[in-house]
Amino acid sequence: MEPVTAAPDLSVSLGPLALANPVLTASGTFGYAAEFAQLVPLSRLGGVVVKGISLAPRSGNPPPRIVETPCGMLNAIGLENVGVERFISDKMPFLRTCGCRVLVNILGDSVEDYATLAAKLTGVAGIHGLEVNISCPNVKKGGVAFGTVPEMAAAVTRAVKAATDLPVIVKLSPNVTDIVAMAHAVATAGADALSLINTLIGMAIDARTRRPKLGNVIGGLSGPAIKPIALRMVWQVAAAVDIPVIGIGGIGTAEDAIEFLLAGATAVQVGTANFYNPAAAGEIVAGIEDYLRQQGESSVRAIIGSLRLEA
Amino acid sequence: MEPVTAAPDLSVSLGPLALANPVLTASGTFGYAAEFAQLVPLSRLGGVVVKGISLAPRSGNPPPRIVETPCGMLNAIGLENVGVERFISDKMPFLRTCGCRVLVNILGDSVEDYATLAAKLTGVAGIHGLEVNISCPNVKKGGVAFGTVPEMAAAVTRAVKAATDLPVIVKLSPNVTDIVAMAHAVATAGADALSLINTLIGMAIDARTRRPKLGNVIGGLSGPAIKPIALRMVWQVAAAVDIPVIGIGGIGTAEDAIEFLLAGATAVQVGTANFYNPAAAGEIVAGIEDYLRQQGESSVRAIIGSLRLEA
Amino acid sequence: MPEYQENSIVQKIDRLAETLYRLTLRAPLIAAAARPGQFVMATCGPTLDPLLRRPFSIHRCSGPETIQLLIRVIGRGTELLARCRPGESVSLIGPLGRGFRLPAPTTPVCLVGGGIGIAPLLFWADRLDAPERCAVLLGSRTGEELTELTAAFSQLGCRVETATDDGSLGHHGLVIDLLIPHLTTVSKVYACGPHPMLAAVAAACRSARVPCEVSLEAHMACGLGACLGCTVPGADGRYLHVCKNGPVMAAEEVAWNR
Amino acid sequence: MPEYQENSIVQKIDRLAETLYRLTLRAPLIAAAARPGQFVMATCGPTLDPLLRRPFSIHRCSGPETIQLLIRVIGRGTELLARCRPGESVSLIGPLGRGFRLPAPTTPVCLVGGGIGIAPLLFWADRLDAPERCAVLLGSRTGEELTELTAAFSQLGCRVETATDDGSLGHHGLVIDLLIPHLTTVSKVYACGPHPMLAAVAAACRSARVPCEVSLEAHMACGLGACLGCTVPGADGRYLHVCKNGPVMAAEEVAWNR
Ligand SMILES: Cc1cc2nc3c(=O)[nH]c(=O)nc-3n(C[C@H](O)[C@H](O)[C@H](O)COP(=O)(O)OP(=O)(O)OC[C@H]3O[C@@H](n4cnc5c(N)ncnc54)[C@H](O)[C@@H]3O)c2cc1C
Ligand SMILES: Cc1cc2nc3c(=O)[nH]c(=O)nc-3n(C[C@H](O)[C@H](O)[C@H](O)COP(=O)(O)OP(=O)(O)OC[C@H]3O[C@@H](n4cnc5c(N)ncnc54)[C@H](O)[C@@H]3O)c2cc1C
Ligand SMILES: Cc1cc2nc3c(=O)[nH]c(=O)nc-3n(C[C@H](O)[C@H](O)[C@H](O)COP(=O)(O)O)c2cc1C
Ligand SMILES: Cc1cc2nc3c(=O)[nH]c(=O)nc-3n(C[C@H](O)[C@H](O)[C@H](O)COP(=O)(O)O)c2cc1C
Ligand code: FES
Ligand code: FES
């Protein structure tokens with residue numbers, strides 16, 4: 001393979017949504033983008049996914065909300081957010097100026113909540129797509145998470161699709177026996193793309209005080225620790241569905257991101273890495289470009305799913 | 001709380017199986033104990049669980065079989081083992097001398113395999129219990145892992161219980177939506193105790209060669225990275241079943257082990273830590289003793305499940 | 001306010017006491033922008049474990065291009081930082097958060113520091129227009145920890161009083177005991193230290209109707225207001241985020257009883 | 001054979017070339033028990049990342065209580081080791097595995113080392129009864145890497161020949177080229193280096209009917225025969241485990257074509 005001298009083409013499409021490059025920031029780890037504006041050249045990113053938004057504002061869980069774990073962290077933020085009205089009035093003005101795609105992560109307690117949210121966000125200038133967080137409990141079904149039952153996940157997907165003409169990405173929970181079954185259900189229900197994975201449920205205890213380290217007792221595990229699990233799930237799902245997949249989980253370097261692209265992801269999201277290295281997402285864009293040159297590829301699309309399994 | 005001066009009582013019972021202390025070594029990470037004999041005072045351990053044994057010898061997966069990941073490792077050993085006959089003739093003689101409890105981890109392709117194995121091991125001098133690894137594929141059911149379907153797990157448990165009068169511990173797979181449902185099924189089927197967790201399914205890719213890093217493409221994730229997930233599952237299961245639970249997953253220090261005991265585990269197993277620190281299991285026994293003194297407890301049984309949830 | 005991700009270079013590391021270190025770092029961008037009470041998020045080691053940055057107050061801007069951190073070794077991250085050697089680099093993000101707000105000109109103020117909470121107060125004393133108006137009350141377990149710090153405040157012209165748990169230096173007891181007599185004369189109190197100390201200071205100031213600012217701690221993932229992890233309960237029933245609403249807050253903003 | 005988990009103390013660290021370091025470690029138990037061809041499992045850093053120990057051949061027992069490792073920096077673990085400073089400790093497990101087996105007395109032998117594979121050969125040459133009977137053939141990318149090592153073998157009385165990829169020292173080409181002429185005279189060949197080099201050496205020895213021992217590499221978790229991770233395909237269709245069946249094996253035990 002010859003080194004290529006022209007700048008490689010980094011653009012990808014998530015169904016109807018075109019991205020300048022495949023690197024997004026993950027919901028809940030990048031605030032509403034303004035928080036990182038001084039540290040990250042936002043216009044160089046493929047896009048940002050904002051913190052999960054609900055209909056009403058939520059104040060979230062009692063502290064402590066954050067615990068470090070080996071190569072990872074647990075969070076039990078409890079979906080604190082400003083609510084959809086204030087999101088549109090207070091946060092969108094900055095987001096419209098940030099020069100990259102803006103995806104809004106939405107969450108609800110019921111199928112109707114999701115649909116209402118989708119409708120409210122549709123037509124708001126500067127929003128390029130919705131990401132549906134189905135890791136939340138369905139209060140009408142005894143608190144079982146939408147993302148653990150294929151029918152419930154499909155119902156949310158259908159409701160959101162019916163309520164909006166924006167591209168709809170459904171974000172899968174990894175806390176399931178069969179991630180492929182979840183992906184199938186959601187794809188069949190009309191999702192334009194999938195993103196995975198959300199956090200794994202974990203826990204930490206303070207031996208000295210004998211108390212949970214999180215106010216909420218359990219929380220979501222993220223960071224490099226979960227990368228091998230995320231990569232496996234993305235590989236399984238990308239092989240099984242026809243819609244694009246966004247890989248998420250422990251991505252902190254270009255090499256990490258490339259692993260996900262090779263496994264079949266069309267794009268990636270950088271989450272926890274934004275905390276320990278705000279420069280990560282930008283470094284990943286540059287690193288993918290370098291990799292493509294080294295590998296003699298003129299487009300990032302050429303490496304998507306190009307994992308070699310033959311001996 | 002007053003510091004206690006008499007040596008705290010470390011003994012625990014896994015149903016019918018009494019242990020001098022709650023620290024075991026995990027299957028597949030301690031060979032047949034002889035491999036560690038020069039580095040670890042075996043008689044100081046609560047017990048050892050030997051590498052998973054099948055009816056016929058197995059040669060395992062093609063290399064590479066091991067990949068390091070952030071604070072963890074993936075293994076795709078492929079259940080290489082000497083088979084039950086050679087295990088009894090070649091490995092048991094040393095195991096009988098090691099001065100601690102010996103548990104044999106068994107695995108099969110069918111319910112019958114498990115039962116046959118249990119029968120063959122019953123009555124062999126020096127074996128104190130069986131640990132049933134149900135993370136293996138059921139070849140009669142299209143390769144779905146026994147440990148992901150409650151009915152299949154229950155069937156294996158019943159068959160093993162019927163074939164032996166040894167204590168039967170069933171080892172749960174974490175790759176499920178509802179670990180409590182699995183635990184219930186297995187407890188109801190007659191298991192004397194549960195151990196959890198086995199490895200999480202993961203994957204790693206070499207970006208340069210675009211190949212999987214494991215010969216088997218996917219493998220099992222273990223080590224400190226998975227500790228928060230394991231602890232959460234142990235806490236959920238210990239609260240839900242009446243039989244003793246053995247906590248496994250990323251335990252490398254006394255503090256880690258104590259977190260599991262507080263969450264409700266009656267004993268723990270040390271796995272991957274044996275590789276990076278062979279002294280770990282011994283250090284954990286000593287560390288639990290120190291902790292009990294500091295906390296003014298005269299018995300380790302006093303701290304099991306003593307997590308404080310009230311504010 | 002400007003924020004930077006800057007690779008600082010360790011210039012010096014002094015061990016002030018058993019578990020207390022002072023790190024001098026060349027970090028020109030952060031040094032130029034820093035204001036007293038602000039903090040940095042520092043990477044503690046070269047690998048992914050420990051994963052998260054650690055928050056540290058800016059102890060001093062010791063030159064136009066250098067900052068100092070005062071570090072108490074309590075766990076893995078601070079242990080790794082204490083092993084740094086000159087020439088090595090430490091990635092910093094900063095300056096972050098809201099710092100101390102100026103008191104009325106020329107009125108007497110009290111700075112109250114407990115343990116490692118003394119860290120941000122030196123920078124504040126340094127920048128206050130008239131250090132002579134500062135009574136600096138420092139509390140600590142033992143006198144050893146206070147020797148160098150007392151000297152630094154005295155050099156600035158502050159009046160320093162000390163309290164130690166073991167009575168090895170100054171008052172044998174709590175720093176709050178030193179504060180009470182001052183409350184009739186000072187126009188403002190600035191406090192940083194363990195939560196129970198801050199609660200006591202806040203209560204005393206409230207009774208005496210003296211305005212009080214406190215610098216709080218919380219576990220942080222980002223330091224930027226993005227993760228929403230660093231919550232403390234606010235007096236109005238809402239949650240405050242230490243990294244954005246603070247770390248320095250008016251004592252009455254905080255719900256002390258919860 | 002005895003095995004120890006020993007906290008060794010770094011005595012010296014020499015940089016021999018751009019990415020090549022020699023670590024001298026005080027490890028009395030391991031030094032006393034070590035035999036040429038054996039290896040140690042070393043912890044690379046103070047935290048859980050990197051998690052696993054790294055295998056390194058024992059390069060030399062440089063005194064009764066010290067061993068040396070020759071370390072090529074290729075990744076995170078070796079990078080951390082290269083940053084060690086005298087006085088720091090490195091946890092070792094060893095001596096591990098099967099070493100080189102003695103040749104017939106007084107017959108001439110060849111030691112063939114490529115790149116970092118040279119590491120175990122110095123210890124072997126050191127312990128061979130008559131070093132004069134040793135022809136040591138060393139290959140490397142550049143001459144810089146070989147200067148110190150050549151000198152060490154020469155000092156022992158071995159005849160050294162070198163080959164470099166860039167022709168900067170000795171033969172411009174592969175070390176296997178140096179071996180061919182010796183195959184008519186030597187009674188045994190000992191080789192350590194990259195897999196393709198070993199395959200070529202094994203093939204040449206097989207043709208010439210010269211017995212050959214090779215030291216292999218595989219990713220290892222335990223080094224103790226417990227994890228079953230360090231597999232290479234054996235000639236008999238079964239898997240060999242490098243840490244127990246090797247690292248030194250007879251060339252004919254290995255399935256070279258797979
Ligand atoms: C705004 C602010 C300013 C601070 N200024 C200083 C200072 O100037 N000097 C100093 O020595 N310390 C300061 N601290 C406390 C310091 O951040 C902790 O001591 C440090 O994070 C402990 O890290 P560790 O890895 O050694 O401990 P570990 O206990 O191993 O840390 C585990 C996790 O808990 C977090 N953590 C533990 N203790 C604290 C704490 N008290 N506050 C916040 N997070 C904590 C760590 O950041 C890490 O994520 C400050 C904290 C805050 C929030
Ligand atoms: C028996 C034996 C003896 C060895 N002797 C030496 C020696 O004397 N000097 C020396 O410099 N190197 C030697 N090696 C190779 C050395 O172990 C690796 O270079 C080292 O593990 C790389 O670690 P890293 O973290 O820098 O690299 P990384 O690539 O970051 O390591 C990632 C993982 O891959 C493993 N790995 C990477 N390369 C190798 C390899 N070639 N062999 C085995 N595992 C590998 C690491 O152990 C680790 O688990 C030997 C290997 C074996 C098996
Ligand atoms: C502090 C925090 C908050 C998060 N909030 C959300 C959220 O609001 N909605 C959502 O879908 N995912 C949320 N996530 C999950 C991340 O978007 C991402 O899926 C997960 O962290 C795995 O990626 P990572 O390992 O790169 O962090 C959150 C993660 C963290 C760490
Ligand atoms: C190399 C390796 C081999 C293993 N082999 C087995 C096995 O044969 N049977 C089994 O039930 N579990 C096996 N396990 C799983 C462990 O017993 C343990 O459940 C898992 O590693 C989690 O614990 P840890 O994080 O402490 O390693 C193996 C794990 C490793 C790392
Ligand atoms: S630390 Fe992330 S919001 Fe404050
Ligand atoms: S490295 Fe574990 S068996 Fe060889």
A:Leu172 side chain reached by A:Val186 side chain, heavy atoms, under 4.5 Å | yes

In terms of side-chain geometry, is the basic nitrogen of B:Arg65 or B:Glu80 positioned less than 4.0 Å from the acidic oxygen of its partner?
-> yes

Residue among A:Ala225, A:Pro228, A:Gly72 with most heavy-atom pairs under 4.5 Å to chain B | A:Pro228

Would B:Thr177 and A:Thr177 count as having a side-chain donor-acceptor pair, cut-off 3.5 Å?
-> yes

Any side-chain heavy atom of B:Ile179 sitting closer than 4.5 Å to one from B:Leu196?
-> yes

Relative to chain A, which segment of B:Phe260 carries a heavy atom at a distance below 4.5 Å: side chain, backbone, both, or neither?
-> neither

Which bit of B:Ile201 comes within less than 4.5 Å of chain A, counting heavy atoms only: side chain, backbone, both or neither?
-> both

Apply side-chain contact (heavy atoms from CB on, under 4.5 Å) to the pair B:Leu261 and B:Val300, showing each step before the final yes or no.
-> CA-CA 9 Å; B:Leu261 298 173; B:Val300 70; 3.9 Å; yes

Contacting region of B:Ile218 [heavy-atom separation from chain A under 4.5 Å] | side chain

Under 4.5 Å, counting heavy-atom pairs only, tell me which of A:Ile226, A:Leu221, A:Val67 racks up the most with chain B.
-> A:Leu221

With a 4.5 Å limit on heavy-atom distance, are the side chains of B:Leu307 and B:Leu309 in contact?
-> yes

Those residues of residues 133-147 of chain A that come under 4.5 Å of chain B on a heavy-atom basis, listed by number, are none

Is there side-chain contact between A:Val156 and A:Val132, with heavy atoms separated by less than 4.5 Å?
-> yes

Go through A:Thr148, A:Leu200, A:Ile229 and name the one with the most non-hydrogen pairs under 4.5 angstrom from chain B.
-> A:Ile229

Do you know which of A:Glu259, A:Gln236, A:Met233 has the most heavy-atom pairs under 4.5 Å to chain B?
-> A:Glu259

Ranking A:Gly223, A:Pro70, A:Gly219, A:Ala230 by heavy-atom pairs under 4.5 Å to chain B gives rank one to A:Pro70

Proximity breakdown for A:Ile258 and chain B, heavy-atom pairs closer than 4.5 Å = side chain

Most contact-rich option vs chain B, by heavy-atom pairs under 4.5 angstrom, among A:Pro212, A:Gly215, A:Ala204, A:Ser173, is A:Pro212

Side chain, backbone, both or neither: which part of B:Leu74 has a non-hydrogen atom closer than 4.5 Å to chain A?
-> side chain

Backbone N or O of A:Ser306 within a donor-acceptor pair of the B:Arg210 side chain at under 3.5 Å?
-> no

Could you walk me through whether B:Val12 and B:Arg301 pass the side-chain contact (heavy atoms from CB on, under 4.5 Å) test, one step at a time?
-> CA-CA 7 Å; B:Val12 296; B:Arg301 296 186 298 282; 4.3 Å; yes

Minimum side-chain heavy-atom gap B:Lys213-B:Ile205 below 4.5 Å | no

Of the backbone (N, CA, C, O) and the side chain (C-beta and beyond), which part of B:Thr209 lies under 4.5 Å from a heavy atom of chain A, both, or neither?
-> backbone

Test A:Met203 against every option in A:Asn216, A:Val217, A:Thr69, A:Leu214 by the side-chain contact (heavy atoms from CB on, under 4.5 Å) rule and name the one that passes.
-> A:Val217

Is a side-chain donor or acceptor of B:Asn175 paired with a backbone partner of B:Thr199 at a separation under 3.5 angstrom?
-> yes

Test item: B:Leu194 and B:Ile246 side chains (from C-beta on) under 4.5 Å apart, heavy atoms | no

Should A:Val180 and A:His184 count as side-chain neighbours, where that means a heavy-atom distance under 4.5 Å?
-> yes

Which members of residues 267-290 of chain A, sorted by number, sit under 4.5 angstrom from chain B on a heavy-atom basis?
-> none

